[in-house]
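Report on the structure given below.
Counting starts at 1 for both ligands and their atoms, in listed order.
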Amino acid sequence: MRLGARSLFIAVLRDITEGKRAEEALRLFEERFRLVLEGLKDHAVFLLSLDGRVVTWNAGAERIQGYAADEIVGQNFSCFYPDDEVKRGAPEHELAAARDGSPYEGEGWRVRKDGSRFWAITTLTALRNESGKVRGFALVIRDITERQEAQEALRQAQEKYHGVLEQAVIGSFETTPGGRFIRVNPALARLCGYESPAEMKKRITDIGQQLYVEPERRAQFVHLMREHTALSEFESRVYRKDGSIIWINETARAVRDVRGALLHYEGMVEDVTKRKAVEIQLLHDAFHDKLTGLPNRALCLDRVGQSIARAQRSPDYLFAVLLLDLDRFKVVNDSLGPTVGDRMLVEIARRLEQCLRPSDTVSRLGGDEFALLLDGIKDVGDTIHVAERVQQELAAPFVLGGQEVFAGASIGIALSATGYEQAEDVLRDADIAMHRAKTLGKSGHEMFDTVMHARAVKRLEIETDLRRAIEREEFRVFYQPIVSLETGEITGFEALVRWQHPERGLVSPAEFIPVVEETRLILPLGRWVLRESCRQLKEWQTRFPEHPPLTVAVNLSGRQFEQPDLIAHIRQILEETQLSPGRLKLEITESVIMENADSASALLLQIREMGIELAIDDFGTGYSSLSYLHRFPINALKIDRSFVSRIGAQGENAEIVRTIIALADNLCLDVVAEGVETAEQLAHLRALHCRHGQGYFFSKPIEAAAVESLLVRRPTW
Ligand code: C2E
Ligand code: MG
Ligand code: MG
């Protein structure tokens with residue numbers, strides 16, 4: 001406090017106490033007074049002289065008003081008032097009021113040193129001496145801007161809220177606990193098809209019953225709201241005024257008084273019909289095949305699962321799954337195009353549906369595979385009956401793109417009597433049976449049995465083993481001599497693959513070739529055998545130059561034959577190994593040729609043009625359609641060993657062999673008799689002028705090292 005101010009203050013106090021107190025007493029009073037004033041942090045307190053000039057102040061005053069001490073002493077307190085208030089004479093007026101009666105108190109704008117305004121409560125109290133004479137004033141200014149602002153914000157928010165509800169696109173409501181509307185906003189009325197909130201409120205007197213399609217579910221929701229304090233969400237279907245149904249999403253809560261008693265419910269409502277439609281569509285799509293509209297694999301598994309559960313509950317209940325695979329779909333798709341293929345699948349779906357009772361399910365599992373779930377059948381006979389009807393139905397031609405197309409299907413059947421626990425197992429068994437039906441001849445049906453299962457398991461084991469075998473290079477090529485029956489000398493070898501299994505020893509190709517074919521492992525394996533055989537023969541040629549030229553015959557599987565890059569691979573291997581093409585023979589079976597009849601002749605021709613020879617393997621066991629022979633550029637026939645082995649000691653049963661040899665002579669083809677096991681067979685083959693022989697009588701298939709000693713010995717027969 002500055003000296004001037006202090007002396008003025010003392011002067012005032014001296015007036016107040018009218019000189020009764022000593023200087024010391026005054027000082028004590030001043031100190032105490034200051035302590036009290038300093039404690040009032042949120043209040044600006046000033047002592048004013050009679051004419052309203054500032055005598056002293058507290059720290060709160062500095063903080064609130066923003067003046068430094070020396071700036072304010074002696075100033076008239078009207079400097080705390082805005083200009084307009086000063087002009088109105090408010091400061092004098094208030095001062096006069098305080099002087100004349102009880103303390104003046106009022107709310108209004110005040111200004112800080114920097115000119116900014118704040119809302120304040122001002123109290124002006126007259127300080128009197130004992131005789132009641134006014135000696136000065138105490139001015140207290142309290143900044144209540146924050147409180148004021150909060151109140152204003154609240155008022156504005158409330159106004160805005162009601163405005164928003166009126167304008168909102170989202171519906172909102174308040175209802176009584178009993179289910180009548182208290183308030184409905186225009187959006188909600190619109191959403192439900194009413195002209196106005198008033199109309200909606202008037203017409204709907206029981207929300208649960210009149211509005212909701214499923215009143216019980218709504219009742220549960222109300223219960224939930226009553227139990228919880230938080231917002232609850234609920235999706236449901238409601239009737240609009242015109243009776244149409246929409247999906248809504250409600251977010252609502254219970255509103256309670258301070259003691260927790262339920263006052264009403266309030267909430268927001270959104271029309272989610274469009275989203276719901278998309279969701280329902282997505283759900284449908286997830287369980288149905290797009291093309292045919294049939295249930296898909298997922299739904300099929302679900303239904304089969306339900307049937308399994310039922311079978312477990314009631315032992316008399318029987319069901320069956322028929323798995324159906326079209327026999328010629330690939331041909332249709334490839335030749336007539338995928339659009340026609342699609343139309344065929346749709347048509348098949350319709351035909352299948354016609355074969356079934358309403359309680360049965362047809363599903364499309366993918367591609368050209370369908371499953372029929374026959375629910376609650378009487379016995380196996382029922383199932384066979386359906387399978388036959390389906391096959392009949394599919395046997396009728398499809399007219400697609402102006403063309404008649406035939407489908408035909410192989411069917412595998414699994415019966416619930418097997419005691420299933422998993423839907424996947426039922427489908428797996430039906431699938432095994434279906435593959436069995438396929439191998440046994442097209443367009444048949446087969447019932448799954450346990451032998452099939454064992455076979456399938458074994459096959460799976462082999463498959464896993466085989467994949468590893470290729471990585472670990474467990475395959476070997478064995479060579480079986482082919483002998484000229486004219487000279488009795490070895491003219492070449494057939495390369496026969498073996499699998500050197502780490503535990504099982506040598507495994508025969510008869511066991512694994514069908515599996516590698518199915519899994520396409522034949523492609524890398526076949527290439528390896530071809531390369532290895534060519535390399536080996538080239539090596540023997542260099543090491544045994546004195547030996548008459550040798551040939552190597554390599555078997556070609558159907559899968560390899562279908563590969564578009566087959567020719568390129570053969571060419572590459574010949575180049576790599578430097579074997580001349582004339583030394584290589586390829587063996588193919590009749591069925592491989594016939595199944596690829598369109599492409600076969602061009603392909604065979606290309607092979608022949610490279611200078612490689614072609615032989616038909618196992619001749620007589622396949623189509624035996626002799627008419628095709630002259631159409632293909634073949635060099636040799638290999639008579640299947642089943643015919644050779646039939647030739648008896650006396651030369652009986654040799655007719656077929658004789659016929660084949662005569663046929664080959666006519667077509668200028670070489671002949672190799674397979675499976676020669678006895679000297680008698682050899683003698684008879686010689687008598688029939690068969691050119692070549694191969695069989696255990698000469699040698700079993702042997703390892704390369706063993707071949708070398710043969711080449712050194714040069715045996716003749
Ligand atoms: P294939 O091409 O007809 O081969 C002749 C089969 O008859 C060989 O069986 C051979 O060991 C057997 N054999 C030869 N002489 C006699 C005999 O006097 N008596 C009897 N009982 N059997 C004889 P293998 O080696 O078990 O091969 C079976 C089939 O596996 C082959 O029949 C061929 O179709 C296939 N195969 C073998 N190696 C390959 C290969 O590298 N690639 C392909 N794609 N198939 C192969
Ligand atoms: Mg062969
Ligand atoms: Mg053969």
Side-chain angles (χ1 to χ4, degrees), residues 466 469-470 474-483 490 492-501 505-537 551-563 566 569-570 573 584-593 613-622 634-647 657 660 670-682 685 692-704 706-707 717:
L466 274 169
I470 290 189
E474 289 171 4
F475 292 99
R476 307 277 174 272
V477 182
F478 274 41
Y479 300 88
Q480 187 175 33
I482 295 172
V483 174
I490 294 174
F493 302 91
E494 175 170 3
L496 294 160
V497 69
R498 298 287 179 267
W499 177 11
Q500 184 68 54
H501 194 283
L506 273 193
V507 182
S508 144
E511 199 174 319
F512 65 84
I513 289 283
V515 186
V516 286
E517 282 223 25
E518 208 161 276
T519 53
R520 303 174 66 86
L521 289 171
I522 189 69
L523 300 176
L525 179 62
R527 243 173 264 163
W528 178 80
V529 172
L530 183 63
R531 180 179 294 113
E532 178 57 20
S533 313
C534 292
R535 186 200 62 75
Q536 186 62 77
L537 190 73
T551 59
V552 68
V554 178
N555 294 284
L556 215 58
S557 82
R559 262 284 156 76
Q560 287 172 282
F561 201 67
E562 286 165 7
Q563 290 310 297
L566 173 70
H569 276 296
I570 297 175
I573 287 173
L584 178 62
K585 297 187 181 196
L586 294 177
E587 297 189 4
I588 343 164
T589 60
E590 289 169 276
S591 46
V592 168
I593 297 185
E613 297 209 339
L614 286 165
I616 304 244
D617 205 353
D618 307 340
F619 187 76
T621 56
I634 299 155
N635 303 89
L637 300 181
K638 294 190 78 171
I639 306 175
D640 190 69
R641 74 163 190 272
S642 58
F643 304 115
V644 177
S645 64
R646 249 183 263 169
I647 303 178
V657 176
I660 295 175
D670 189 8
V671 183
V672 183
E674 287 188 312
V676 183
E677 291 186 354
T678 64
E680 289 84 2
Q681 286 165 356
L682 173 60
L685 288 166
H692 291 93
Q694 174 184 351
Y696 293 176
F697 180 74
F698 308 108
S699 163
K700 287 198 166 179
I702 48 178
E703 281 178 275
V707 170
W717 288 275

Evaluate side-chain contact (heavy atoms from CB on, under 4.5 Å) for Leu682 paired with Phe698, printing each intermediate quantity in order.
-> CA-CA 10 Å; Leu682 173 60; Phe698 308 108; 3.7 Å; yes
Hey, mind stepping through Gln536 and Val477 against side-chain contact (heavy atoms from CB on, under 4.5 Å) and telling me if it holds?
-> CA-CA 10 Å; Gln536 186 62 77; Val477 182; over 6 Å; no
Gln560/Ile522 under side-chain contact (heavy atoms from CB on, under 4.5 Å): CA gap, chis, key distance, verdict = CA-CA 7 Å; Gln560 287 172 282; Ile522 189 69; 4.1 Å; yes
Step by step, work out the side-chain contact (heavy atoms from CB on, under 4.5 Å) result for Glu680 and Ile647.
-> CA-CA 8 Å; Glu680 289 84 2; Ile647 303 178; over 6 Å; no
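Near ligand 1, residues Gln480, Glu494, Leu496, Val497, Arg498, Ser508, Pro509, Ile513, Val529, Asn555, Ser557, Glu587, Asp617, Asp618, Arg641, Glu674, Gly675, Val676, Glu677, Gly695, Tyr696, Pro701 come within 4.0 angstrom through at least one heavy atom.
Under 4.0 Å is where a charged nitrogen must lie from a carboxylate oxygen, and between Lys585 and Glu613 at least one such pair does.
Around the Mg ion (ligand 2), the protein N, O or S atoms found under 2.8 Å comprise Glu494 OE2, Asn555 OD1, Glu587 OE1, Asp617 OD2.
Under the side chain to side chain contact (heavy atoms under 4.5 Å, CB included) rule, Leu586 has a single partner from Asn555, Leu566, Asn635, Leu556, which is Leu556.
Using a 4.5 Å heavy-atom threshold, the side chains of Gln694 and Pro481 count as separate.
The closest donor-acceptor contact from the side chain of Arg476 to the backbone of Arg498 lies at 3.5 Å or more, if one exists at all.
Note: Phe475 and Phe512 have tilted aromatic rings, judged against thresholds of 30 and 60 degrees for the angle between ring planes.
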